[in-house]
Each structure stands twice: as structure tokens, then as C-alpha cells.
K.L.:
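Pasting in a structure now, in C-alpha cells, and then I'll have a few things to ask.
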Amino acid sequence: MFTAADHAYMAEALRLAAQGLYTTDPNPRVGCVIVKDGKTVGRGFHHKAGEPHAEVLALHEAGTESRGATVYLTLEPCVHFGRTPPCADALIEAGVARVIAAMQDPNPLVAGKGFAKLQAAGIETARGLLEEQARALNPGFISRMIRGRPWVRSKLAVSLDGRTALGNGESKWISGEAAREDVQHWRARSSVILTGSGTVLADDPAFTVRLAGEWRQPQRIVVDSALRVSPAARVLKSPGETHIATLVTGGAQHAALTAAGMQLMTLPAKEGHMDLSALMQRLAQMACNEVLVEAGAGLNGALLADGLLDELIIYMAPCLLGDSARGMFSLPALKSMRERMELQITDLRMVGDDLRLIAVPAESKDHRG
């Protein structure tokens with residue numbers, strides 16, 4: 001169905017889409033290539049929410065050469081008015097002959113309607129070319145549209161024996177400088193950094209993107225059921241928005257944090273603890289696509305137990321901390337090996353002196369690709 005040339009042009013569109021990895025949030029990352037008579041006449045990618053979509057930029061570059069051309073898109077063109085007009089209308093007006101999209105848009109406002117509108121206008125359409133790669137570019141957007149919650153990945157720095165800190169809580173630094181810089185890129189692509197009050201109290205982190213140049217700062221969410229965090233905590237004063245998720249609805253600490261300008265969100269309890277599923281639904285309502293968890297064993301264990309961790313990014317340092325050091329997840333003891341959680345390793349590479357391992361629970365992979 002698809003030729004070698006089709007694959008090459010779609011691969012180029014995917015490379016273009018990846019240029020928006022850190023900037024398009026909460027929109028998906030999308031790339032577009034326009035080809036006529038075997039020659040690329042237009043290229044574009046979505047840069048930022050509110051700015052022109054990939055198709056519009058590529059059509060502008062192609063100009064009159066768009067008429068009768070083939071368009072390669074990493075995502076089905078939109079048909080609804082948002083901050084920008086529908087891209088399907090722009091493609092029809094430009095007179096393109098064929099549109100090949102890597103995947104259907106999971107947004108219910110689109111979801112096949114873009115293809116239908118193009119077909120009704122006499123434009124040939126096809127989909128499914130390099131779809132897995134296209135889905136991997138937008139795991140959070142797809143998850144939010146299909147499951148009503150973000151894609152949640154947890155970053156963990158551990159020793160070879162799986163320990164995240166000494167028994168007294170000291171953890172700086174297990175991983176090396178290259179690994180810590182790599183983490184900054186995961187932060188930069190995320191909508192939210194999620195942490196727990198224990199981590200804030202122990203380390204007083206800022207949770208900002210610390211890379212050269214200007215970067216969009218993700219929101220921070222501190223899970224603090226009992227409001228133990230001080231208004232002076234660095235994370236509450238970092239650039240960008242920080243929210244405290246809590247079970248507390250009033251009282252002196254609630255008033256003090258509110259008076260200090262902190263944004264508190266009250267969530268329901270579930271079996272005496274915060275309902276983390278409700279938190280994820282709230283984040284989806286806030287248009288959060290990707291969540292990076294940087295927390296201790298308590299919050300990581302709770303998320304894992306509730307089936308809310310979609311991906312693990314583990315930096316394994318060449319050192320040993322011993323069995324009295326702290327582990328990655330606080331979980332109930334298993335009674336048999338049949339109860340273990342199976343993971344699929346999706347990436348394995350060296351980052352400096354550390355081994356970076358990325359894994360997903362088997363049930364999570366279906367929602368990304």
C-alpha cells in the first residue's frame with residue numbers, strides 16, 4: 001500500500017514533529033511534509049499552542065505548488081475551531097490531491113472527521129504509515145483523550161541493588177552528572193512534575209528545568225494529604241505554577257499556604273489515602289499530557305499499586321548501598337511469584353557511567369502504541 005518513498009517522507013514528517021517535543025504542550029506534536037512530482041515543496045511542524053499548525057506552515061511554504069500535491073502528516077488534520085482554524089479546510093482550499101496520515105486523531109472532536117471531510121472534498125486519504133512511531137511522539141495526548149488521564153512516568157535513580165537512598169535518607173548523588181542532565185530533558189517535555197510532601201521535606205527541591213537557554217517550566221504538583229509542607233519550600237517559589245494536592249479543607253496551615261499565594265486543590269480520600277485516580281482525572285481536566293514523577297517509595301508505590309504508572313525511567317548507577325538502604329516502591333509483600341508485576345523493557349542505554357533503563361507495565365503499552 002505504501003511505497004519506500006512514502007515511508008521516507010513520513011519519516012521526515014516525524015522528525016519535524018519531534019522538533020516540537022518541548023514546546024507544543026498541551027497540543028500534540030505534529031509534522032507535515034508536502035510533496036509534488038517527487039520533490040518536497042513544503043515542510044512544517046507545530047511549534048506552540050495558539051500558533052499555526054504543521055499543515056498551515058507547510059502549505060504556506062509550498063504556496064501554489066500545493067495544488068495536486070501529496071501531504072504527509074503525523075496526525076489526522078483537525079476539523080474544529082480552537083485557537084486556530086481547521087486544518088482540513090486549509091488542505092481542501094489549497095487543492096491537495098492526497099493526504100497520508102500516520103494515525104487518526106484520538107481527540108473526540110476530530111477522530112475520523114478530518115479524513116471524512118477530506119474524502120467528501122474528493123481528496124484521497126490513507127492512514128497507518130509509521131503509526132507506532134507517531135503514537136510514541138504523543139503518549140500523553142493520546143492517553144488524555146482515550147483514558148481521561150495523563151501518561152505517567154516515574155524517574156528513579158538507583159544503585160545496582162535497587163536502592164534510592166541510604167537508610168538516613170541521604171541520596172545526593174547516586175547517579176552521575178550525565179544522568180542528571182538527561183533528567184532535565186524529561187522534565188522539559190512534561191506538563192507536570194509530581195512529587196510527595198516527604199520528598200519536599202527531606203530535600204527541599206526546586207523541580208525546575210535547568211538547561212541552557214529559555215525553557216518552558218512544567219507545573220509542579222505536591223501530594224501533601226496533611227499539609228505538612230512549609231510556605232517557604234523552594235518548590236512553592238519556583239518559576240511557573242505549583243499546586244498542592246491535599247485532603248485538608250481548612251485550618252491554620254491551609255490558610256497560611258493560601259495567604260502565601262499557594263494554589264491548593266482538595267481531592268477525595270480513598271481508603272484513608274488520597275484518591276490518586278481522582279488526581280489524574282483532575283490533571284487531565286487541566287490539559288496535562290505527560291506527568292513526570294520524582295518522588296519517594298511511598299508515592300511511587302501507591303501509584304504503581306493503583307495501576308497509574310505507565311512508564312519507568314531508571315538510572316542505575318554502578319554502586320551498591322546495601323539492604324538497609326531505601327527501596328524504589330513501598331508495596332505490600334507478595335505471597336507468590338504469580339503476583340509479580342511484569343514489565344517490558346523498551347530502551348536500554350548508557351548515559352555517562354549510568355545505565356538508563358526504560359520499562360512499561362504490559363498493560364500500559366497499548367495506550368501509547
Side-chain angles (χ1 to χ4, degrees), residues 1-21 24 27-47 52-80 84-107 109-142 145-146 344 346-347 365-369:
M1 178 180 179
F2 298 115
T3 67
D6 289 334
H7 279 82
Y9 291 128
M10 186 61 78
E12 183 180 2
L14 287 164
R15 288 192 293 272
L16 287 168
Q19 292 185 51
L21 189 66
T24 65
N27 288 357
R29 298 124 184 170
V30 182
C32 178
V33 172
I34 301 176
V35 178
K36 187 173 184 180
D37 299 329
K39 177 184 176 183
T40 298
V41 294
R43 298 178 180 85
F45 70 93
H46 184 42
H47 292 249
H53 288 187
E55 301 95 309
V56 173
L57 293 172
L59 288 169
H60 179 74
E61 182 178 293
T64 58
E65 291 295 304
S66 299
R67 187 159 299 277
T70 296
V71 178
Y72 296 86
L73 265 174
T74 58
L75 186 70
E76 175 185 10
C78 62
V79 294
H80 62 294
T84 58
C87 291
D89 290 354
L91 291 167
I92 292 169
E93 185 178 347
V96 305
R98 187 183 186 206
V99 173
I100 301 175
M103 62 175 288
Q104 179 173 300
D105 192 332
N107 186 342
L109 295 174
V110 186
K113 299 181 182 71
F115 294 126
K117 192 166 191 175
L118 295 175
Q119 291 163 4
I123 297 173
E124 181 185 349
T125 67
R127 71 188 78 173
L129 175 60
L130 300 183
E131 181 173 358
E132 184 173 351
Q133 292 88 332
R135 294 178 69 88
L137 267 176
N138 291 297
F141 180 77
I142 295 169
M145 292 299 159
I146 294 177
Q344 179 180 357
T346 60
D347 188 77
K365 187 176 185 298
D366 294 337
H367 299 289
R368 184 179 63 175

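In what follows, every heavy atom counts, from backbone to side chain, and hydrogens, waters and symmetry copies are set aside. We're numbering straight along the sequence, starting at 1.
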K.L.:
Determine whether Arg43 and Leu57 make a side-chain contact, defined as any pair of heavy atoms from C-beta on separated by less than 4.5 Å.
P.N.:
no
K.L.:
Quick check: closest heavy atoms across Ala102 and Ala134, and the distance to 0.1 Å?
P.N.:
CB-CB, 3.5 Å
K.L.:
Quick one: closest heavy-atom pair of Ala58 and Gly44, and the distance?
P.N.:
CB-N, 3.8 Å
K.L.:
Mind checking whether Arg135 and Ile142 have side chains closer than 4.5 Å, heavy atoms only?
P.N.:
yes
K.L.:
Could you check if a side-chain atom of Asp105 sits within less than 4.5 angstrom of a side-chain atom of Phe141, using non-hydrogen atoms only?
P.N.:
yes
K.L.:
Determine all donor-acceptor pairs shorter than 3.5 Å in which one atom belongs to a side chain in residues 30-41; sequence neighbours excluded.
P.N.:
| from | atom 1 | to | atom 2 | distance (Å) |
| --- | --- | --- | --- | --- |
| Lys36 | NZ | Arg67 | O | 2.8 |

K.L.:
Determine the minimum heavy-atom distance between Ala136 and Pro139, stating which atoms define it.
P.N.:
O-CD, 3.3 Å
K.L.:
Quick one: does Phe45's side chain get under 4.5 Å of Arg29's, heavy atoms only?
P.N.:
no
K.L.:
Show your reasoning for whether side-chain contact (heavy atoms from CB on, under 4.5 Å) applies to Thr70 and Val96.
P.N.:
CA-CA 6 Å; Thr70 296; Val96 305; over 6 Å; no
K.L.:
Answer whether the closest heavy-atom distance between the side chains of Glu61 and Leu59 falls below 4.5 Å.
P.N.:
no
K.L.:
To the nearest 0.5 angstrom, please state how far the CZ atom of Arg127 sits from the CD atom of Gln104.
P.N.:
5.0 Å
K.L.:
When you measure from the side chain of His46 to the backbone N and O of Pro52, does any donor-acceptor pair fall under 3.5 Å?
P.N.:
yes
K.L.:
To the closest 0.5 Å, what do you measure between CE (Met103) and CD (Gln133)?
P.N.:
12.0 Å
K.L.:
Angle between ring planes, His7 versus Phe2, binned at 30° and 60°: parallel, tilted or perpendicular?
P.N.:
perpendicular
K.L.:
Among side-chain atoms of Thr24 and Asn27, is any donor-acceptor pair under 3.5 angstrom?
P.N.:
no
K.L.:
Could you measure the distance from the CG atom of Leu73 to the CD1 atom of Ile100? Nearest 0.5 Å is fine.
P.N.:
10.0 Å
K.L.:
Please report the closest heavy-atom contact between Ala88 and Val79, naming both atoms and the distance.
P.N.:
CB-CG1, 3.9 Å
K.L.:
Please check if the number of heavy atoms outside Gln119 that lie under 6.0 Å from its CD is greater than 12.
P.N.:
yes
K.L.:
Answer yes or no: is there an ion pair linking Lys117 with Asp89, defined by an N-O contact shorter than 4.0 Å?
P.N.:
yes
K.L.:
Using 0.5 Å steps for rounding, measure from the CG atom of Leu16 to the OG1 atom of Thr74.
P.N.:
9.0 Å
K.L.:
Please indicate whether His60 has more than 12 foreign heavy atoms, meaning atoms of other residues, nucleotides or ligands, lying under 6.0 Å from its NE2.
P.N.:
no
K.L.:
Are any side-chain N or O atoms of Glu55 and backbone N or O atoms of Cys87, one a donor and one an acceptor, separated by less than 3.5 Å?
P.N.:
no
K.L.:
Taking all atoms of both residues into account, what is the closest heavy-atom pair of Leu118 and Pro77, and its distance?
P.N.:
CD1-CG, 3.8 Å
K.L.:
Output the distance between atom CG (Asn138) and atom CE (Met145), rounded to the nearest 0.5 Å.
P.N.:
10.5 Å
K.L.:
Which distance, rounded to the nearest 0.5 Å, do you find between the CG of Leu75 and the CD of Glu131?
P.N.:
10.5 Å
